[in-house]
Every structure is written in structure tokens, then in C-alpha cells.
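Step one of this worksheet: look at the structure below.
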2 protein chains.
Amino acid sequence: MEHTTEREIFERYVHRRGGRLTAERLRLFDEIFNQHGHVDADRLYRSMRRQGRKISRATVYRNLELLVDCGLVRRQRLGQRRYLYEHVHPGQSHDHLICRMCDRVVEFVSPGISALQRELARAHGFDPTEHTLQISGICLDCAGRASTETAASEES
Amino acid sequence: MEHTTEREIFERYVHRRGGRLTAERLRLFDEIFNQHGHVDADRLYRSMRRQGRKISRATVYRNLELLVDCGLVRRQRLGQRRYLYEHVHPGQSHDHLICRMCDRVVEFVSPGISALQRELARAHGFDPTEHTLQISGICLDCAGRASTETAASEES
DNA sequence: GTTCTGTTGAGAATAGGTCTCAATAAGCCG
DNA sequence: CGGCTTATTGAGACCTATTCTCAACAGAAC
Ligand SMILES: [Mn+2]
Ligand SMILES: [Mn+2]
Ligand SMILES: [Zn+2]
Ligand SMILES: [Zn+2]
């Protein structure tokens with residue numbers, strides 16, 4: 001009654017494509033599935049090197065691409081220059097609020113949005129494979145800080 | 001009973017910031033407001049040069065940023081490497097479907113999504129300034145082409 | 001016209017990701 | 001195990017969209 005783990009999904013996916021389960025590939029899998037939240041490629045690279053895992057940047061990028069193709073990792077730009085990666089658990093999906101002042105990212109789940117998205121795609125003849133919804137604005141903290149500063153500068 | 005044009009909004013915005021209405025700035029404004037749909041910075045640059053308007057790349061980028069800050073231009077990545085810009089008419093807002101095979105972009109308007117977005121932002125204490133919703137998938141044409149090819153290769 | 005200072009142009013710099021290719025090592029077979 | 005095929009790796013070159021630098025220029029105010 002065990003259900004298939006992400007690791008099993010990955011190994012099958014690699015085999016189905018005629019690929020090989022190299023040491024680097026599997027270590028990168030473990031690394032990203034042990035991380036919480038969003039990571040960029042360089043952080044994964046450095047974190048693996050720090051642990052004494054020898055791996056090259058190119059290999060990190062190549063295997064991240066593989067994980068994305070496989071559907072186990074999501075790659076997206078969240079307001080910044082570089083791509084961020086996060087592992088995905090099948091059947092779950094969330095979106096992001098991004099503070100344009102401090103770059104803080106808040107995740108949320110909205111079934112309503114997901115339903116609307118499927119509907120819209122269908123209405124335009126699209127077979128939807130994924131979506132990205134990013135709402136950017138100012139978070140509570142930054143809004144507070146901004147108004148304090150405005151008040152202070154107006155005093156002087 | 002004239003309502004303010006985008007050009008007027010821009011000029012006021014520039015003045016309010018202590019900026020100047022330079023020839024290059026105003027020509028870029030005209031250029032992007034004469035273009036339809038999405039353009040990248042380099043296309044604007046080349047299109048202006050072609051018309052004999054002398055302008056540098058740096059100036060194009062700097063003034064696009066100004067237009068974005070001013071709220072008259074939207075900058076986003078639509079599946080590709082470079083940013084795309086489009087002029088915005090106040091009060092309107094649309095989102096995008098992107099075909100991951102042919103990069104075709106289809107625009108749509110969904111009041112439901114807009115309302116949900118505002119609600120979600122508020123629920124998390126965000127003051128929403130803008131949003132991006134991108135649904136990527138396979139368009140009708142590409143879906144058709146793909147299934148034809150699959151059939152053909154299975155025959156052989 | 002003079003002055004002050006925001007803006008421009010040309011090109012260098014940056015950054016993040018991609019490509020190259022010789023060396024390595026999975027996976028398979030006997 | 002030992003050899004064979006070929007996918008993958010590592011190191012660094014390469015790419016390219018965007019940002020930065022700084023001296024020359026030109027709006028705007030008076
Ligand atoms: Mn997330
Ligand atoms: Mn659009
Ligand atoms: Zn913030
Ligand atoms: Zn298509």
C-alpha cells in the first residue's frame with residue numbers, strides 16, 4: 001500500500017528516457033528535495049560543494065532541467081534576475097505574492113484561481129500544462145516602514 | 001470634457017519627479033505607444049534608429065524603466081530570455097496564455113481573476129500593485145501538429 | 001545668456017545561463 | 001568479472017540581455 005515516492009518517479013523517468021542514474025544526478029535530487037522553499041542554481045551548487053560533493057555548475061543546470069522536464073521541480077523567476085527552483089509534490093500547486101521592496105515571497109493556495117485557469121485555457125483551445133501567478137506589491141512590514149520614513153522626512 | 005491622455009500623464013509624472021522632457025524620452029514614448037502588442041528593448045532601439053532617430057541602447061532601457069515606474073508600460077518575461085514591454089491603458093488589465101512549443105502569446109481578460117487577486121493580496125496584508133498570470137500550455141495548432149507527427153512515426 | 005543639474009551616448013562591465021569537448025563511468029552483455 | 005557503447009561529467013570558454021560609468025550635452029529656471 002506504499003505509494004510511489006518522488007525518488008522512484010525520478011528514477012523511472014530517467015530510465016524511460018534511456019538515461020543513467022549517475023551519482024551527481026541522484027545527489028542533486030536529494031539536495032533539492034532536502035531544501036525548503038526556493039533555491040537558485042548557485043546556492044545548490046555551493047551547498048553541495050560545501051558538503052564535499054564534487055559537482056560542476058554545468059551539471060547542476062543540466063540536471064535541474066531534467067527535474068523540471070520530469071515535473072518534480074518548478075523553475076520560475078520571482079521578481080529577481082535569476083531562476084529559482086523548488087521541488088513540487090504532485091497534486092499540489094501554489095502561487096506567490098512578492099514584495100517589491102524586500103523581495104519577500106509568500107505562498108498561497110487558491111482553488112478558485114486554479115479552476116479559473118483551467119477554464120480560461122480551455123476557452124482558448126489551450127491544453128494547460130502549468131501556470132504562474134505572481135502578485136507583486138508591498139508587504140505589511142515595508143508599508144509600515146515606508147510610512148514611518150515619509151512622516152520622519154516631512155517633519156524635518 | 002477631454003480626459004487626460006497617456007502623454008499628459010507621462011509629462012506630469014516626469015515633472016513631478018524633477019525630471020526633464022528630453023527629445024529622446026518623448027520619442028521613445030511615442031514609439032512604444034505606436035507599437036502594438038509586445039516589443040523588446042532591442043526592437044524599439046532598432047526601429048527608432050531605422051527612422052533616423054538617434055538614440056542609444058542605454059537611453060532606451062533607462063526610459064523604459066521610467067515608463068514602467070510611471071505605470072504606463074508593463075515589463076514582463078513571457079517564456080523567453082528577454083523582457084517584453086507593452087503599453088498599458090489605465091484601468092485595463094489582461095493576462096497571457098503562452099504556447100510552450102511555438103511561443104505564441106494569447107491575451108485574455110478575466111474580471112474573476114482580477115477580483116480574486118485583490119482579495120488574496122489583502123488576505124495576506126499585501127498592497128497589490130500589479131500581477132502577472134501566465135498560463136503555459138500547448139496551443140491548438142501545436143497540439144494538432146504533435147498528434148499528426150506521433151501518428152506518422154508510429155506507422156513506420 | 002548663465003547656471004545648475006538631469007540626461008545622454010559609447011562602450012565597458014556584469015551576471016546568469018549555455019555550450020564545447022575530451023575524459024569518465026553507467027549499464028549491459030557474455 | 002572484463003570489455004563495449006554511449007550518456008554524462010567538469011572546466012572553462014562563450015553568449016547576450018541588461019546595467020553601469022563618466023565625460024559631454026542640453027532642459028529648465030531665472
Ligand atoms: Mn513556491
Ligand atoms: Mn499583453
Ligand atoms: Zn516587504
Ligand atoms: Zn503553439
Side-chain angles (χ1 to χ4, degrees), chain A residues 7 10-32 38-70 73-85 103, chain B residues 10-32 38-49 51-70 73-85 103:
Chain A
R7 174 76 175 242
F10 183 50
E11 299 193 352
R12 281 182 208 151
Y13 178 81
V14 171
H15 280 144
R16 217 175 309 130
R17 292 180 37 143
R20 294 172 185 178
L21 298 174
T22 64
E24 294 81 3
R25 183 162 287 172
L26 295 176
R27 280 197 235 107
L28 180 72
F29 175 94
D30 291 342
E31 187 65 31
I32 192 164
H38 306 117
V39 255
D40 62 58
D42 196 58
R43 184 160 150 206
L44 286 166
Y45 169 74
R46 281 181 291 107
S47 133
M48 292 180 76
R49 300 293 290 217
R50 220 180 306 119
Q51 294 169 36
R53 313 321 207 155
K54 226 171 84 225
I55 197 170
S56 73
R57 280 205 166 70
T59 298
V60 169
Y61 280 108
R62 283 185 292 233
N63 284 299
L64 281 171
E65 189 184 349
L66 189 68
L67 283 158
V68 169
D69 289 346
C70 165
V73 164
R74 181 144 75 135
R75 176 179 96 155
Q76 63 202 132
R77 297 190 133 115
L78 295 173
Q80 288 173 303
R81 206 186 182 86
R82 47 183 70 183
Y83 284 111
L84 294 180
Y85 300 83
D103 283 335
Chain B
F10 183 51
E11 299 193 352
R12 281 181 207 154
Y13 178 80
V14 170
H15 280 143
R16 218 174 309 131
R17 293 183 34 146
R20 294 172 184 174
L21 297 174
T22 64
E24 294 80 2
R25 182 162 287 172
L26 294 175
R27 278 197 236 107
L28 181 71
F29 176 95
D30 291 342
E31 186 64 31
I32 192 164
H38 307 116
V39 256
D40 62 58
D42 195 59
R43 185 160 149 206
L44 285 166
Y45 169 74
R46 280 180 291 108
S47 132
M48 291 179 77
R49 302 292 291 218
Q51 294 167 39
R53 312 324 207 153
K54 224 170 88 230
I55 197 169
S56 74
R57 279 205 168 72
T59 298
V60 170
Y61 280 107
R62 283 184 292 235
N63 283 300
L64 281 171
E65 189 186 348
L66 188 69
L67 282 159
V68 169
D69 289 347
C70 164
V73 164
R74 179 144 75 137
R75 177 179 95 152
Q76 63 202 131
R77 296 191 132 114
L78 295 172
Q80 287 173 304
R81 207 189 183 81
R82 45 182 73 183
Y83 284 110
L84 294 181
Y85 300 82
D103 283 335

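Within every chain, numbering begins at 1; the chains are lettered A, B, ... in the order of the sequence lines, protein sequences first and strands thereafter.
Taking a cutoff of 4.0 Å between a charged side-chain nitrogen and a carboxylate oxygen, A:Arg57 and A:Asp42 qualify as a salt bridge. A salt bridge is absent between B:Glu31 and B:Arg27; no separation between the charged side-chain nitrogens and carboxylate oxygens falls under 4.0 Å.
Counting to the nearest Å, the P atom of D:dT9 and the CG atom of A:Leu21 are 11 Å from each other. Whole-Å rounding puts the B:Asp40 CG to D:dT19 P distance at 13 Å. For the pair B:Met48 CE and C:dT8 C1', the computed distance is 13 Å after rounding to whole Å. The nearest whole Å value for the distance from the CZ atom in A:Arg27 to the C1' atom in C:dA26 is 14 Å. When rounded to the nearest whole Å, the span between CZ of B:Arg17 and C1' of D:dG27 equals 16 Å. Rounded to a whole Å, the CD1 atom of A:Ile55 is 13 Å from the P atom of D:dT8. As rounded to whole Å, 7 Å separates atom P of C:dT18 from atom OH of A:Tyr83. Between B:Leu84 atom CG and D:dT18 atom P the separation is 9 Å, expressed in whole Å.
Contact between B:His38 and B:Arg43 at its shortest, heavy atoms only, is O-NH1, 4.0 Å. When all heavy atoms of B:Tyr45 and B:Ile55 are compared, the pair lying nearest together is CE1-O, 3.3 Å.
Phosphate proximity of C:dT7 to B:Arg25: present, with a side-chain N or O under 4.0 Å from OP1 or OP2. Considering only side-chain N and O atoms, B:Thr22 lies nowhere under 4.0 angstrom from the phosphate OP1 or OP2 of D:dG27. Distances shown here put a side-chain N or O of A:Tyr61 below 4.0 Å from the OP1 or OP2 atom of C:dG17. When the side-chain nitrogen and oxygen atoms of B:Arg82 are compared with OP1 and OP2 of D:dA17, one or more of them lie within a distance under 4.0 Å. One finds a side-chain N or O of B:Asn63 lying less than 4.0 angstrom from the OP1 or OP2 phosphate oxygen of C:dT8.
One cannot find a donor-acceptor pair under 3.5 Å joining the base of C:dT7 and the side-chain atoms of B:Arg62.
In terms of position on DNA chain C, the residue among B:Lys54 and A:Arg57 whose nearest nucleotide sits closer to the 5' end is B:Lys54. Toward the 5′ end of DNA chain D lies the nearest nucleotide of A:Leu66, the other residue of the pair A:Tyr45 and A:Leu66 mapping further downstream. If B:Ala58 and B:Arg81 are placed on DNA chain D by their nearest nucleotide, the residue sitting closer to the 5' end is B:Arg81.
Side chain of B:Ser56, nearest nucleotide from C:dG9, D:dG10, D:dT5: C:dG9. Taking the side chain of B:Glu24 as heavy atoms from C-beta on, and the options C:dG27, C:dG9, C:dC4, the nearest nucleotide is C:dG9.
At least one donor-acceptor pair under 3.5 Å links the side chain of A:Arg25 to the backbone N or O of A:Arg20.
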